[in-house]
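For reference, the structure is listed below as structure tokens.
The first residue in the sequence is number 1, and the count goes up from there.
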Amino acid sequence: MLTYEMVKRLCKQARGIVDDAITFHHVFVDPYEHAPKGLFVPLEHGMETLKIAIEHGAIAAFWQEGDELPRYIPNQFPIFFVSSPIQALEELLDMYGQWENNKSEKTKFNLTISAHNEQNHSYDIAVLAALKRLQQKWMRVQGQEGCDRSC
């Protein structure tokens, strides 16, 4: 299971509660995805999508360095500042594959964007291409275990 401490290794700076025992059951990019105890990775429109992600289970998020934080974020909500959320997601996925090979409880990486959400937000082609690459990487990390809709 992915923990706060593991995620913190990727980030130069964080704010909110510091608790190395926090575990993330999901890592997700679609704010409309139901992801209890999730780490949200905003691809675009972070100010607009973070609130939706929190409503759907996010307990922490990556955030683009230099971007203004919304006022509605609770003080204790963990925010991990990164130079690029999609790049940090890729690094996290690489590290996770090394950490969690033989663990029974695993974090689910939900790397798809629903068709409805994709149409509403008009994601950049480069972002969609990066997500596709990450989905393929996630399938390799999963190995022979099979693949559910998060692939």
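Side chain of T107 to main chain of L2: a donor-acceptor pair is present (N/O by atom type, distance under 3.5 Å, no hydrogens or angles). A side-chain donor-acceptor contact under 3.5 Å links H56 to the backbone of P31. Side chain of Y72 to backbone of K51: a donor-acceptor contact under 3.5 angstrom is found. Q64 contributes no side-chain N or O that, together with a main-chain N or O of F81, makes up a donor-acceptor pair within less than 3.5 Å.
Of the inter-residue distances, the one linking T23 atom OG1 with L39 atom CG reads 11.5 Å to the nearest 0.5 angstrom. Between atom CD of residue Q13 and atom CH2 of residue W63 there is a gap of 14.5 Å, rounded to the nearest 0.5 Å. Once rounded to the nearest 0.5 Å, the distance linking CG of L111 with CD of E33 reads 10.0 Å. Interatomic distance, CZ of R15 versus CD of Q76, reported as 9.0 Å (0.5 Å rounding).
Residues I54 and V41 do not share a hydrophobic cluster, defined by chaining ILVMFWY side chains whose heavy atoms lie under 4.5 Å apart. If you chain together hydrophobic residues whose side chains sit under 4.5 Å apart, M6 and L93 fall into the same group. The hydrophobic cluster containing M95 also contains V82, counting ILVMFWY residues as joined when their side-chain heavy atoms lie under 4.5 angstrom apart, directly or transitively. When the side chains of ILVMFWY residues are joined at heavy-atom separations under 4.5 Å, either directly or via intervening members, Y4 and F77 end up in two distinct hydrophobic clusters. In the hydrophobic clustering of ILVMFWY residues, with side-chain heavy atoms under 4.5 Å counting as a link, I59 and I17 come out together.
Taking the six-membered ring where the residue is Trp, F62 and F80 present perpendicular rings, their angle passing 60° and hence far from 30°.
For the pair I79/I73, a side-chain contact is recorded, criterion being any heavy-atom separation below 4.5 Å from C-beta on.
Applying the salt bridge (Lys or Arg N to Asp or Glu O under 4.0 Å) rule to R9 yields the partners E5; only residues at least two apart in sequence or on another chain are considered.
Within 6.0 Å of NZ in K37 there are 12 or fewer heavy atoms belonging to other residues, nucleotides or ligands.
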With side chain to side chain contact (heavy atoms under 4.5 Å, CB included) as the criterion, how do D20 and T3 come out once you've worked through the C-alpha distance, each side chain's angles and the decisive distance to 0.1 Å? CA-CA 7 Å; D20 290 343; T3 66; over 6 Å; no

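Under the side-chain contact (heavy atoms from CB on, under 4.5 Å) rule, V29 has a single partner from I86, T49, L89, N110, which is L89.
Contact detail for Y32 and I52: the closest heavy-atom pair is OH-CD1, 3.4 Å. Closest approach of M1 to K106, counting heavy atoms only: CE-O, 3.9 Å. Scanning both residues, P85 and P42, for their nearest heavy atoms gives CB-O, 3.5 Å. Residues K12 and E65 come closest through the heavy atom pair CD-OE2, 3.4 Å.
Side-chain rings of F24 and F109 stay apart, their centers remaining 6.0 Å or farther from each other.
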